[in-house]
Amino acid sequence: MKITLKDKLKMCKLHIDEGMSLSHISELYGNYHVSKIKYLIKLYKAHGEEPFLNRDRRIYKRDTKLLAIGQVLNGRSLRDVAIEHALIDSTIIRDRVKKYNEEGEDGIQDTYPRANYLLKEERYKAVVDKKIAAENERLRAEIAYQKKSQSLVKR
């Protein structure tokens, strides 16, 4: 079961606003790991809703990544650094540190956003919408051609 960002935000609100226990939230979301829920709650308390909502055009610059890696290498915990940088998952920092250790500073580059993950139904709907739009364009062109040919015949 894929947990969306909206679901993760809802988990935080269930715990903070409604006082629901972490184990109960975990059960509601297919036994989602309690430690990950704790991380999300800390992230929510530190940054509010922003890390969960504004993910569309997030660009991670090389300098910021190197700063975070340096903080981890100087003894700060992965989770603390990830929360400070508003990362939705603490394993992102772990992967960056691993890449830095393997490839050095040259292995760390800017990261640009990619297309959002779409569920199967959303992908199907997008394909159908694209086909319908193409058919509409073709039919409009046909109608315009018929109108033009009728006006020429009348002359």
Side-chain angles (χ1 to χ4, degrees), residues 1-140:
M1 177 174 155
K2 178 152 173 60
I3 305 292
T4 64
L5 291 174
K6 289 181 182 179
D7 290 337
K8 291 177 181 182
L9 178 60
K10 190 173 180 181
M11 284 184 215
C12 296
K13 288 184 176 183
L14 285 173
H15 180 69
I16 293 170
D17 297 340
E18 298 179 23
M20 192 177 289
S21 72
L22 295 176
S23 59
H24 188 68
I25 294 170
S26 173
E27 289 175 13
L28 284 176
Y29 288 93
N31 292 324
Y32 194 71
H33 208 279
V34 173
S35 67
K36 289 183 179 182
I37 297 172
K38 287 180 184 179
Y39 173 80
L40 294 172
I41 291 168
K42 283 183 182 180
L43 182 66
Y44 179 77
K45 286 180 179 178
H47 298 281
E49 293 183 3
E50 183 188 349
F52 300 93
L53 300 177
N54 301 326
R55 307 301 295 181
D56 300 355
R57 300 284 176 193
R58 190 103 188 239
I59 298 173
Y60 297 100
K61 294 292 185 181
R62 181 175 187 264
D63 296 338
T64 308
K65 289 179 180 183
L66 290 173
L67 174 69
I69 291 167
Q71 290 173 335
V72 171
L73 294 177
N74 287 333
R76 288 192 58 201
S77 75
L78 290 170
R79 286 179 171 237
D80 288 343
V81 174
I83 288 172
E84 180 182 321
H85 292 274
L87 298 175
I88 202 70
D89 190 357
S90 62
T91 59
I92 294 170
I93 294 286
R94 183 196 65 208
D95 294 342
R96 290 178 185 168
V97 170
K98 182 179 177 184
K99 188 170 187 170
Y100 178 81
N101 288 335
E102 290 173 356
E103 300 177 26
E105 227 176 89
D106 295 334
I108 307 300
Q109 301 298 323
D110 290 349
T111 306
Y112 296 96
R114 61 181 181 216
N116 289 336
Y117 175 82
L118 295 177
L119 297 173
K120 186 176 181 179
E121 298 85 27
E122 293 170 337
R123 282 194 310 264
Y124 179 74
K125 185 180 181 312
V127 167
V128 169
D129 288 348
K130 189 175 181 180
K131 285 181 181 178
I132 290 173
E135 186 176 355
N136 281 342
E137 186 178 336
R138 183 186 58 79
L139 291 172
R140 283 191 183 110

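Small disclaimer: the values here were computed from a predicted structure and weren't measured.
Ile16 is linked by a side-chain contact (heavy atoms from CB on, under 4.5 Å) to Ile41, Tyr44, Lys45, counting only residues two or more places apart in sequence or in another chain. Residues passing the side-chain hydrogen bond (donor to acceptor under 3.5 Å, both in side chains) test with His33 are Ser35, sequence neighbours excluded.
For the pair Lys65 and Gln109, the tightest heavy-atom approach, listed with the atom from each and the gap, is NZ-O, 2.6 Å. Of all the heavy atoms in Gln71 and His85, the pair that sits closest is OE1-NE2, 3.2 Å. For the pair Lys8 and Ile3, the tightest heavy-atom approach, listed with the atom from each and the gap, is CG-CG2, 3.6 Å. Tyr32 approaches Ser26 most closely through the heavy-atom pair O-OG, 2.6 Å. Shown here for Tyr39 and Ile88, the closest heavy-atom pair between the two residues is CE2-O, 3.5 Å.
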Derivation of the side-chain contact (heavy atoms from CB on, under 4.5 Å) call for Asp95 and Ile92: CA-CA 5 Å; Asp95 294 342; Ile92 294 170; 5.7 Å; no
Audit row: Glu135, Arg138, side-chain contact (heavy atoms from CB on, under 4.5 Å) steps and yes/no: CA-CA 5 Å; Glu135 186 176 355; Arg138 183 186 58 79; 3.9 Å; yes
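Taking NZ of Lys61 as the start and CG of Leu67 as the end, the distance is 15.0 Å to the nearest 0.5 Å. For the atom pair NZ of Lys13 and NZ of Lys6, the computed distance is 11.5 Å after rounding to the nearest 0.5 Å. To the nearest 0.5 Å, atoms CG (Leu9) and OG1 (Thr4) are separated by 9.5 Å. Here Ser77 contributes atom OG and Glu84 contributes atom CD; the two are 10.5 Å apart, rounded to the nearest 0.5 Å. Here the straight-line distance linking atom CG of Leu14 with atom OG of Ser21 works out to 10.5 Å at 0.5 Å rounding. Remark: Leu87 CG to Arg79 CZ distance equals 12.5 Å, nearest 0.5 Å.
When atom types are taken as modelled, the side chain of Thr91 and the backbone of Arg94 share no donor-acceptor pair closer than 3.5 angstrom. Using a distance-only test at 3.5 Å, with no hydrogens or angles considered, a donor-acceptor pair links the side chain of Asn74 to the main chain of Gly70.
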Give the table of side-chain donor-acceptor pairs shorter than 3.5 Å for residues 96-108, with sequence neighbours excluded, one pair per line with atom names and distance.
| unit_1 | atom_1 | unit_2 | atom_2 | d |
| --- | --- | --- | --- | --- |
| Asn101 | ND2 | Val97 | O | 3.4 |

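Ile25 pairs with exactly one of Leu40, Ile37, Val34 by the side-chain contact (heavy atoms from CB on, under 4.5 Å) rule, that one being Ile37.
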